[in-house]
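Quick note: numbers below take in every heavy atom, side chains included, and nothing from hydrogens, waters or symmetry partners. Residue numbers begin at 1 in each chain, while the letters A, B, ... track the order of the sequences.
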Number of protein chains: 2
Amino acid sequence: MAAARVRNGGRPTLEEVAARAGVGRGTASRVINGSPRVSEATREAVEAAVAELGYVPNRAARALAGNRTDAIALVVPEPETRFFAEPYFSAIVRGVGAALADTDMQLLLTLAGNDRERRRLAQYLTAHRVDGVLLVAVHADDPLPELLEQLGMPCVISGARHANEPLASVDSDNFDGARAAVEHLITRGRRSVATITGRLEVYGAQRRLDGYRAALAAAGLPPDERLIAPADFTEEGGARAMRELLARRPHLDAVFAASDVMAAGARQVLREADRRIPEDVALIGFDDSVVARHMHPALTSVRQPIEEMGRRMAQLLLEEIAGRVGEERPTVVLPTELVVRDSS
Amino acid sequence: MAAARVRNGGRPTLEEVAARAGVGRGTASRVINGSPRVSEATREAVEAAVAELGYVPNRAARALAGNRTDAIALVVPEPETRFFAEPYFSAIVRGVGAALADTDMQLLLTLAGNDRERRRLAQYLTAHRVDGVLLVAVHADDPLPELLEQLGMPCVISGARHANEPLASVDSDNFDGARAAVEHLITRGRRSVATITGRLEVYGAQRRLDGYRAALAAAGLPPDERLIAPADFTEEGGARAMRELLARRPHLDAVFAASDVMAAGARQVLREADRRIPEDVALIGFDDSVVARHMHPALTSVRQPIEEMGRRMAQLLLEEIAGRVGEERPTVVLPTELVVRDSS
DNA sequence: CAGTGTATTGGGAGCGCTCCCAAGACCGGG
DNA sequence: CCCGGTCTTGGGAGCGCTCCCAATACACTG
């Protein structure tokens, strides 16, 4: 048997709190929402009543009356397995959760399927009345951000999509992470440093390549396009790129891969080619994932502050919802950290 | 400037849909909720109006009037990093998301902190009026499940907490996964098979140990308690246990670790002791995580269908919310799969 | 043809809250 | 002592929806 339906799930209502405190409903509401226009004595009376009854506001009623929901959505593009995979997703969620812990904002998780679904999603997000949206791993050609913008829905994305990102965004410093990694290789005496890039349509991958170039230039090493092999963030792609590099420049002595997973693919090929790591070839990855820690030899890698990124995204969104003065959209870039292990 | 506040965010209301279709509000509601007591002609008229106006029901209003929310919460115990880590969390979420995709249920993510917060959480969950709760990685002594039960809140947990789990639960077949792993070792000629267990207060860890014992018994191998080393699911714990095992039984020729991470710790110790894997000692893990695939040699491991577990949890919860006839709580146990790689 | 049912419909009465207006309490200046 | 202001307060009017009751329309049955 289902339990008999009770008003408000058997919970006290604002009206009851007000009655108990001997005040009107409006006054009780004012206290609960922290309005300053309440006398001290009244405030205390209401707070006591709240505590005694264990009152918690009914969100649905609040949302309906107040035209807001105190909820934000985290939209995850489902097919984008790269992002769904370790370590991004859980770290982002943890950061967002931490930022929301003190608020009474709720976090709604939405898995967006294909592009058609994405279009409908915008409609749903407005209809379901979330106060804002966190978009993770959007492609440059994803229609969702613009749709949300048109609907006037506050929105923060992770990772700028290009140099002048119009939306509020939080990103790690891909350029400087790559630069520091390559600088580290050069400092340790490597002279022929190759790189395996991610998909260059992804702005972050492009920035990592820029950082690689900048480090070489800063060290006075001549650029060599044949030391640059494009890949796609996958292990197979990394292996393929490594084979190309070995064929083109057999005497390279270091490789900077734009992701740990690609570094894993490269390591496999290097092993098959009997190149010792790090004696013959130094190897650095990007992400500092579980893979890096458990690779043999343990992989030097660039750590992104992903949890912190989640936290900042949430903070930015909350500010935007609260109504930032509409200057240009803020772009937060967080520093990376080079974690040196045995592979370099 | 914030956009001027508009009724219902500028979206059409049920009233408008009804007017457009030339019917009453009640009738429109009936069509939208799929009531059978509507004539065919009326249904079509309302559906046309819905399509033309792009009507989407206002969730808050629905929740308030209907005393339900069409939302469920996924409660993640935050300090439990083991569970938050790869691969569980994202896989569970993916499964839950898939199960919810066809419904119009929303998924709420709640990170529960310490035990005190957990107590308050139960209150919040009822006040926030979710229709049900998905609990992952609950400890045997977590107060939350009982609290939810008392409040009459539908609830499904991942992983039974003990042999007679009173709550609806979804679990992988820990017993048979372990049994199959050890059987595989024995089949390949290993005769002195050790095991590194997880924390035995965790029911799943206990079951894996049971499976280990059952496999030995089935093969007619004598039980040897000194081949069993307890650990705690961590890498350091796995290493420590492995050292103990080597000291106690130097001639062991196989180890079944109850998690990949512990297997990684064990591998480190085996390497330091100059035992070759798999020539001298075969090694098997549990979870089939990224760690297993990237370990050297690649680790044979027991794969749990985690995404499927998420899916089943959501399905079970939906059934419970819909009002299953209250027989005993269902317990779903899903089969595991032994992924054989190079370490065995 | 009256009587009884069945299928379909409209709309009133809320759900618990926020917003806001008007009323009361109180203060000080003229 | 009266008047205009400020500070508090109560409670009406919704928010958009679901639930449910009563009304209507129609089809039978006896």
*Asks:* Apply side-chain contact (heavy atoms from CB on, under 4.5 Å) to A:Leu167 and A:Glu149, showing your working.
*Replies:* CA-CA 9 Å; A:Leu167 264 50; A:Glu149 177 108 66; 3.2 Å; yes
*Asks:* Closer than 4.0 Å, any side-chain N/O of A:Ser39 to the OP1 or OP2 of D:dT8?
*Replies:*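 Indeed not, no polar side-chain atom of A:Ser39 lies that close.
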*Asks:* From C-beta outward on A:Arg25, which listed nucleotide comes closest to its side chain: D:dT9, D:dC19, C:dC17?
*Replies:*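 Looking only at heavy atoms from C-beta outward on A:Arg25, the closest nucleotide is C:dC17.
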*Asks:* Show, in sequence, the C-alpha distance, side-chain angles and deciding distance for B:Asp70 and B:Arg68, and conclude whether the side-chain contact (heavy atoms from CB on, under 4.5 Å) test is met.
*Replies:* CA-CA 6 Å; B:Asp70 294 334; B:Arg68 70 192 159 115; 3.1 Å; yes
*Asks:* Roughly, in whole Å, what's the span from CZ in B:Arg11 to C1' in D:dC17?
*Replies:*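 After rounding, the gap between these two atoms is 16 Å.
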*Asks:* Counting side-chain heavy atoms from CB outward, which of D:dC17, D:dT18, C:dT18 is closest to A:Arg62?
*Replies:*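 Of D:dC17, D:dT18, C:dT18, C:dT18 is nearest to the side chain of A:Arg62.
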*Asks:* I want to verify a distance call: between C:dC15, D:dC15, C:dT9, whose nearest atom is closest to the B:Val38 side chain?
*Replies:*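 It is C:dT9.
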*Asks:* Can you tell me the distance, in whole Å, between the CG atom of B:Leu53 and the P atom of D:dG16?
*Replies:*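 Distance check: B:Leu53 CG to D:dG16 P gives 14 Å.
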*Asks:* How close or far is atom P of D:dG16 from atom CG of A:Asn58, stated in whole angstroms?
*Replies:*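 To the nearest whole Å, that distance equals 17 Å.
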*Asks:* May I ask you to evaluate whether B:Thr42 reaches the phosphate of C:dT8, defined as a side-chain N or O under 4.0 Å from OP1 or OP2?
*Replies:*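 No, B:Thr42 has no side-chain N/O under 4.0 Å of OP1/OP2 on C:dT8.
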*Asks:* Kindly say if A:Arg30 contacts the phosphate of D:dT8, meaning a side-chain N or O under 4.0 Å from OP1 or OP2.
*Replies:*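 No.
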*Asks:* From CG of A:Leu64 over to P of C:dT18, roughly how many Å is that when rounded to an integer?
*Replies:*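 From A:Leu64 CG to C:dT18 P: 11 Å.
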*Asks:* Between atom CD in B:Glu15 and atom P in D:dG14, what is the gap in whole Å?
*Replies:*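 Answer to the nearest Å: 13 Å.
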*Asks:* In whole Å, what is the span from the CG atom of B:Asn33 to the C1' atom of C:dT9?
*Replies:*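 Taking CG of B:Asn33 and C1' of C:dT9, I get 16 Å after rounding.
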*Asks:* Can a side chain N or O of A:Ser29 be found less than 4.0 Å away from OP1 or OP2 on C:dT18?
*Replies:*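 The answer is yes; a side-chain N or O of A:Ser29 sits under 4.0 Å from OP1 or OP2.
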*Asks:* Which nucleotide in the set D:dC17, C:dT8, C:dG16 lies at the smallest distance from any side-chain heavy atom of B:Ala65?
*Replies:*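 Among D:dC17, C:dT8, C:dG16, the one nearest the side chain of B:Ala65 is D:dC17.
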*Asks:* Evaluate B:Leu74 against B:Val136 for side-chain contact (heavy atoms from CB on, under 4.5 Å), listing each step before the verdict.
*Replies:* CA-CA 8 Å; B:Leu74 175 64; B:Val136 286; 4.1 Å; yes
*Asks:* From the list D:dT8, C:dA7, D:dC15, which nucleotide is the closest neighbour of the side chain of B:Arg37?
*Replies:*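 From the listed options, C:dA7 comes nearest.
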*Asks:* So which one's nearest nucleotide on DNA chain C is more toward 5', B:Thr27 or A:Pro12?
*Replies:*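 So the residue in question is B:Thr27.
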*Asks:* If I take atom CZ in residue A:Arg68 and atom C1' in nucleotide C:dG16, what distance separates them, rounded to the nearest angstrom?
*Replies:*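 That distance rounds to 13 Å.
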